[in-house]
Protein chains: 2
Amino acid sequence: MVTLADVAQHAGVSASTVSYVLSGKRTISAVTKQRVERSIKELGYHPNAGARALASSRSNIIALMMPLRTDMYVPVMMEIAIAVATNAREHGFDVLMLTGEEGPAAVRRVVGSGLADAVILMDVELNDARLPLLRESGRPAVLIGLPAQTTGFTCVDLDFSEAGSLCAEHLAELGHREIAVIGEAPAVYERKTGFAERTIQGLRTRARQLGLRVLHRPCEGTYAAMAGALGQIFTERPGITGFVVQNEQAVEPLLSLLRQDRRAVPEDISVVAVCPEQVALQGSVRLTSVAIPAREMARHAVDHLIAKIERDADDEVFLLRPELVVRASSGPAPVGG
Amino acid sequence: MVTLADVAQHAGVSASTVSYVLSGKRTISAVTKQRVERSIKELGYHPNAGARALASSRSNIIALMMPLRTDMYVPVMMEIAIAVATNAREHGFDVLMLTGEEGPAAVRRVVGSGLADAVILMDVELNDARLPLLRESGRPAVLIGLPAQTTGFTCVDLDFSEAGSLCAEHLAELGHREIAVIGEAPAVYERKTGFAERTIQGLRTRARQLGLRVLHRPCEGTYAAMAGALGQIFTERPGITGFVVQNEQAVEPLLSLLRQDRRAVPEDISVVAVCPEQVALQGSVRLTSVAIPAREMARHAVDHLIAKIERDADDEVFLLRPELVVRASSGPAPVGG
DNA sequence: TTGAAAGCGCTAACAC
DNA sequence: GTGTTAGCGCTTTCAA
């Protein structure tokens, strides 16, 4: 194994000089710098990560804690994870992947051992058990999601309330007067991550202002559940002409069942989704939707985390502005009835 | 920060004793052991990861290199990644997530710096650029996928050839005589990961033995592409009564278009998929399918990698036996025509 | 602009 | 069954 000492000897300088060439923490004459860099290349030197971490008390590793449930929001999570890793590399950091499996203790472990310099938490719940541990660890942390109590943390999330509001507005503008919201599965609401609640609340508030009538139904993403929900909805409110869906899995079942029901989209029924771009684009109908901006969230999370690590930046709450993109699934409310 | 020396002092023993209590590498009397463990608890001691890595030349970290393309096989990849992480933890290892972004050099970096003790490569291509680098690094590695040249590596993959064979068998047994295979998008074949080719080859071989006529069409996973392909297929071979699909995205479009076409599944047309269990279960029809056993692959990969790290185990090629599960999308070939 | 040297916290001989 | 101690390879004062 090639060590820094080997490089120093080969270049005819001291170890510290090599170290400083690498870190750039002090000015080095052009000649020595070149000599050192040449030696590094020739010897194929790679600084030892462990030694570095020990001497500098910095691992240059960020821990990313994945959600426990691997069955939900998979594409978004994956996109965030990859974007976090890519982004972190641009700042010279690597990413350690933690699963929910190990529980909140995982946070203590990686942070207590100095394995990770900082933590990103995905899929944060309103009263997340990991937060107290993180807080007492004193390590920089960024949450993706919005817990009940944000003090001590930087949070990044989509402004779901505004997203709901945009959906209401869009349908109201198209002349719809009565709409239904197909929500996440009941389990999601029970988990209290808050985003589903914020969406419906934002939607309801705006709907009230616009005189839009709203029926909200949480729903499993299966054909059977969707069929049941749809039947009930049209029975209760036959005048409904618009749907807002916030449930990846439910999108195709909904479209498929409407088709079967001989209700044309968007002529008879308008559909607006809150979902990853991918889902909105690849289905049987290109959906008018509010996207969940995974990469942007990851970028904010990493950038701010690095700022906290390196410049002790302050905590902030970033609520990203949602955008509604009009596609083929929404149109004017049918006239008459 | 609490160090091992602090613990030693607090427990009234030497540093090495504490170290040995932790590692279990030598026998310690019950009393000292308990005293040490008590001190560890009381002081809230966490061994420093960097120091450990430096002293032992072992980081207890496995690097997991994700596929470059984040748009394909997302659920399987995510499932594998999480299973790898969970499994690794059971052996006391953490997982570092590398994206394709950084290119093959990422391998050299994490391995050269001693950041990772070993590597798992996902989505391996037939002539993968990362393999030579890995080979010369001499670090233990496991590939998920099957490259052209496996020497020096342990490989884990589904036996796709056998999977194709099973599909042919199943349809033949049901009396089908003419089938179509909807394959992955052309881009997948161009990337030369080999699995798509192995599937069709295994299927073809068995089909020939069984007197089954096969038409193979790679296909994008969009409604438009699927509609085009389907039209062509039925024009060319009006006698087709069975479909094998190996393309997650194409499953729903296919089912939907068949329905629109008034071809009932499974009465008129049988459909067999090679896809993740999740996809087979959550669509509009519960699909007869051969599952891609993500967790099992991850388990094999991790277990064998650990065996290589700790016991210098030999390289092996694990081709997991596929299983075809009969569900609601396949049935006897229609009589007459 | 550079060098010397003292650790960082742990492991693993080597001693007894 | 336990203690002593020499590193592991790097960063960073301190000194010149």
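Order of the sequence lines sets the chain letters (A, B, ...), proteins ahead of strands, with each chain counted from 1. Both backbone and side-chain heavy atoms feed into the values below; hydrogens, waters and symmetry mates do not.
Neither OP1 nor OP2 of D:dT11 sits under 4.0 Å from any side-chain N or O of A:Lys25. Contact annotation: A:Ser29 side-chain N/O to C:dT1 OP1/OP2 distance is not under 4.0 Å. Look at A:Ser56 and you won't find any side-chain N or O under 4.0 angstrom from OP1 or OP2 of D:dT12. Between A:Thr27 and the phosphate of C:dT1, there is a side-chain N or O to OP1/OP2 separation shorter than 4.0 Å. Remark: A:Ser14 is not in phosphate contact with C:dA4, judged by side-chain N or O atoms under 4.0 Å from OP1 or OP2.
What separates CG of B:Asn48 from C1' of C:dT11 is a distance of 13 Å, to the nearest Å. C:dT11 atom P lies 12 Å from atom CZ of B:Arg58, rounded to whole Å. Look at CG on A:Leu54: it is 13 Å from C1' on D:dT12, rounded to the nearest Å. B:Ile28 has its CD1 atom 6 Å from the P atom of D:dT2, to the nearest Å. Straight-line distance from the OH atom of B:Tyr20 to the P atom of C:dC14: 11 Å, rounded to whole Å. Here the P atom of nucleotide D:dT2 and the CG atom of B:Leu4 are 15 Å apart, to the nearest Å. One atom, OH of A:Tyr45, and another, C1' of D:dG9, lie 7 Å apart when rounded to the nearest Å. Counting to the nearest Å, the P atom of C:dC8 and the CG atom of A:Leu115 are 20 Å from each other.
Counting any heavy atom pair closer than 4.0 Å across all strands shown, A:Thr32 reaches sugar-phosphate atoms only and no base atom. Within the 4.0 angstrom heavy-atom criterion, no nucleotide atom of any strand lies near A:Ser57.
Between A:Phe318 and A:His304, the two ring planes are perpendicular [angle over 60°; tilted spans 30° to 60°].
With rounding to the nearest 0.5 Å, the separation of OG in A:Ser59 from CZ in A:Arg52 is 12.0 Å.
A salt bridge links A:Glu125 with A:Arg191: the closest approach of a Lys/Arg side-chain nitrogen to an acidic carboxylate oxygen falls below 4.0 angstrom.
Under 3.5 Å, the side chain of B:Arg26 and the base of D:dT2 form at least one donor-acceptor pair of N or O atoms. Contact of B:Arg52 with D:dG9 (side chain to base): no donor-acceptor pair of N or O atoms is detected under 3.5 Å. Residue B:Ser16 places a side-chain atom within donor-acceptor reach of the base of D:dG3, judged by atom type and a 3.5 Å distance cut-off alone.
Proximity of B:Met297 to B:Val76: side-chain heavy atoms (C-beta onward) are nowhere separated by under 4.5 Å.
Each of A:Val18 and B:Ala15 was assigned the nucleotide of DNA chain D with the nearest heavy atom; the assignment lying further toward the 5' end belongs to B:Ala15.
A:Arg130 and A:Val124 make their closest contact through NH2-CA, 3.9 Å (heavy atoms, listed as atom of the first residue, atom of the second, distance).
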